[in-house]
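Read the numbers this way: they start at 1 and go in the same order the structure lists the ligands and their atoms. For reference, positions follow the sequence shown, starting with 1.
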Amino acid sequence: MKIKIDADRRGGKISKYLYGQFAEHLGRCIYEGLYVGEDSDIPNTNGMRNDVVNALKELEIPVLRWPGGCFADDYHWRDGIGEKSKRPYMVNTNWGGVVENNHFGTHEFFELCEQLGCEPYICGNVGSGTVQEMRDWIEYMTFDGDSPLANERRKNGREKPWKLKFFGIGNENWGCGGNMRPEYYCDLYRRFTVFIRDYGDEPVYKIAGGPNADDANWTETLMQNIRNCTSAISLHNYTHETDWKHRGMAADFDREGWYGIMSDAMRVDENIKLHSAIMDRYDPEKKIGLLVDEWGTWYEVEPGTNPGFLYQQNTMRDAVAGMLIIHMFHAHSDRVRMANIAQMVNVLQAMVLTEGDKMLLTPTYHLFKMMKGHKDGTAVDVCYDKKEYEFKGRKVPKISISATEKGGKITVSICNTSIDEGDEITFETDKSVSGVTMYSENMTDCNTFDEPEKIKPRNADITSDGGAVTVKIKPASVTVLTLE
Ligand code: AHR
């Protein structure tokens, strides 16, 4: 297939925040996955496991959302500060009914962000919390002056306030966050946000709990009632083989399962368009962001694991669907200002899986590492034949390509959603071209603790003849080229 990369035709900025992550108190994401405590035999720095943090640092994560998810609307921040042995326990009713000891709280979250070099995004509790609790949390974290809350923070070991730009006012308040009607949520939102004060240098970027998937009425009601007091609204959209009831298994699937995920991934595009069109009517200048702050593949849990822990494996199907969806975020970057894949470690479409002191990197981890060059680049036009196939009533591009430019370097990412056919991409350029690609022998291959490097990126098959470049594309693969 011949493509044309036209570096003179530029689009908008591709925000680095489209590559955000999400870590919830769910299963083994925080505990075991990220935080093992200072006394653990697993090498750690202030309780954070060194192997996982070092691997994640390589991704240059821009932003991390915490503490939930559904957990956020059940979380009371005061339980997670002060001396660890005195912190009250709670039952994590959303996720497996396990006992949470609150050893990972506000200070530990900011410590993790500092170790990862990312910005924090905290989601507050509207469902079971109070206005006062939320206002106090903000003051505790961000006030530099002499106040009882700021002094309590100092007593707990943090002299200077933290920088906190992104703050969510509840999570999925149509469901686990309070089972609210949108009108009721809007009234609460208006009240809560009055008390979210700007103590820091920058105003707090306030994120309203947005719709589930295609719930247009939720978005319409939010835009009618809170558009003057919100910076953004969130959107949650997960991908399944067929639907929520037929989620399939992560590493045990057939052709239908492969194409089912590709087809369902296209719902992300449909839903972004649906909600953007509503937002455009009320906010034509696109001041309000749509943040897809939970997305990713969601399967049945691995056999023998706690159903409430959402632990799943990860194959090339996830990496390919991941790139396809990230390209949608690129395409809609005028409205979509942030996206957070769910979740960072051991939960859903994770970057990293752990077992005791062992750790492995998933194909999705490698995808995020391969895509690094796109962050904060400017979209560049690529012309190509957008050949599509149809599966379960949706059109899916066989090949999806996105290109950006930053500092004279062009990054081109290409995913092949077909397990049946490879491709050969040809184009003209006067720059030198290098690249990496990732594919597996069998579509259900995955990295395991016995074979942790079965799937990993390798050099792309590129040939150059003068200015004519040919790149061989395997079926079911992701490839990223750099032109410099
Ligand atoms: O990511 C897992 C869960 O999915 C989150 O807690 C919730 O917000 C969503 O339903």
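Between the side chains of Asp318 and Thr364, not a single donor N or O lies within less than 3.5 Å of an accepting N or O. Asn340 and Gln21 form no side-chain donor-acceptor contact under 3.5 Å, judged by distance and modelled atom types alone.
Separation of the Trp174 and His236 ring centroids does not fall under the 6.0 Å cut-off. In summary, the aromatic rings of Trp218 and Tyr185 are positioned with their centroids under 6.0 Å apart.
Short contacts between ligand 1 and Asn171, defined as distances under 4.0 Å to a heavy atom of the residue, involve ligand atoms 8 (O). Atom numbering of ligand 1 starts at 1 in the shown order; those under 4.0 Å from a heavy atom of Gln343 are 1 (O), 2 (C).
Under 4.0 angstrom from ligand 1, the non-hydrogen atoms of Phe22 all belong to its side chain. Contact annotation for Val347 and ligand 1: no heavy atom of the residue comes within less than 4.0 Å of the ligand. Contacts between Leu348 and ligand 1, counted as non-hydrogen atom pairs separated by less than 4.0 Å, involve the side chain only. The residue Trp295 has no part lying near ligand 1, judged by heavy-atom distances below 4.0 Å.
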Notebook entry, point to check: Given Cys118 and Cys113, is the disulfide (SG to SG under 2.5 Å) satisfied, shown in steps?
Noted result: CA-CA 5 Å; Cys118 69; Cys113 289; 3.9 Å; no
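Taking any N or O of Trp298, backbone or side chain, none lies under 3.5 Å from an N or O belonging to ligand 1.
Both tests do not hold together for Arg135 against Trp137: distance to the six-membered ring centre under 6.0 Å, angle to the ring axis within 45°.
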